[in-house]
Amino acid sequence: MKMESKDTFSISQLADEFGITLRSIRFYEDRGLLTPTRKGKVRVYSKQDRARLKLTLRGKRLGFSLIDISELFEFYDSNKSNKKQQQDMLNAIKHRQQLLIQQQADINAVMMELNAAERNCYLQLAKFEQQNNKPLSKRCSIPAKLHR
DNA sequence: ATTCTTACA
DNA sequence: TGTAAGTA
């Protein structure tokens with residue numbers, strides 16, 4: 001159904017927008033990641049809910065568990081009043097930062113390996129074309145960035 | 001036509 | 001998470 005207002009969404013709208021199923025969205029709610037309001041029994045999502053869903057999906061892409069993601073949300077809107085809670089949260093944040101730094105390093109390493117593999121592919125293709133005595137096509141020529 | 005809950009794979 | 005069932 002089409003909603004007159006621009007700041008609320010039906011579950012279907014969000015599912016279409018993000019290319020996920022209704023089941024997933026309800027599942028995330030079950031895990032406490034989403035808290036849509038209700039008009040009767042029907043879920044009504046606000047822009048903030050939409051933003052939250054977006055963050056959830058990004059977290060998933062990064063390999064975070066739904067629990068990890070809910071923990072991040074707690075950090076974002078942290079309302080811990082006492083000192084110990086703040087201390088614990090800080091430690092948790094530092095830990096998460098460390099994990100991300102590690103991921104970043106791993107990503108860089110894999111990226112370099114892939115770049116090397118890609119370079120070899122182009123070199124091989126160039127060699128084949130040379131054997132066939134054919135002119136290098138634009139599409140298969142070695143990109144400048146791989147010359148180094 | 002859409003969405004909801006519940007239950008099982 | 002997918003899917004089926006039975007509703008509202």
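Naming: A, B, ... by sequence-line order, numbering from 1 per chain.
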Taking Watson-Crick (N1-N3 plus N6-O4 or O6-N4) and G-U wobble (N1-O2, O6-N3), each under 3.5 Å, can you produce the dot-bracket string of DNA chain C? Use [ ] for crossing pairs and | for inter-strand ones. ||||||.|
Tell me, with the steps shown, if A:Glu29 and A:Arg38 meet salt bridge (charged side-chain N to carboxylate O under 4.0 Å, His left out). CA-CA 13 Å; A:Glu29 179 182 345; A:Arg38 304 264 188 143; 3.3 Å; yes
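- B:dT2 atom C1' lies 14 Å from atom CZ of A:Arg38, rounded to whole Å.
- In this entry the distance linking CG of A:Leu22 with C1' of C:dT3 reads 12 Å, nearest Å.
- In this structure, A:Leu14 places its CG atom 16 Å from P of B:dT2, rounding to the nearest Å.
- A:Asp68 places a side-chain N or O within donor-acceptor distance of the main-chain N or O of A:Ser65, the cut-off being under 3.5 Å.
- Ion pairing between a basic and an acidic side chain is recognised when a charged N comes within 4.0 Å of a carboxylate O; A:Lys84 and A:Asp88 show such pairing.
- A side-chain donor-acceptor contact under 3.5 Å links A:Ser46 to the backbone of A:Gln48.
- Taking the ring centre of A:Tyr45 as origin, the terminal cationic atom of A:Arg52 falls outside the region bounded by 6.0 Å and 45° from the ring axis.
- Spacing between atom CG of A:Asp16 and atom P of B:dT3 amounts to 9 Å, rounded to whole angstrom units.
- The two residues A:Ser70 and A:Arg31 come nearest to each other via the heavy atoms CB-O, 4.5 Å.
- Residue A:Ser10 places no side-chain N or O under 4.0 Å from the OP1 or OP2 atom of B:dT2.
- Contact annotation: A:Lys60 side-chain N/O to C:dT1 OP1/OP2 distance is under 4.0 Å.
- You'll find the side chain of A:Tyr28 stays beyond 4.5 Å of the side chain of A:Ile69, heavy atoms only.
- Within residues 23-34 of chain A, the residues approaching DNA chain C are A:Arg23, A:Ser24, A:Phe27, A:Tyr28, by heavy-atom distance under 4.0 Å.
- A:Phe18 has its side chain out of reach of A:Ile25: every pair of non-hydrogen atoms, C-beta onward, lies at least 4.5 Å apart.
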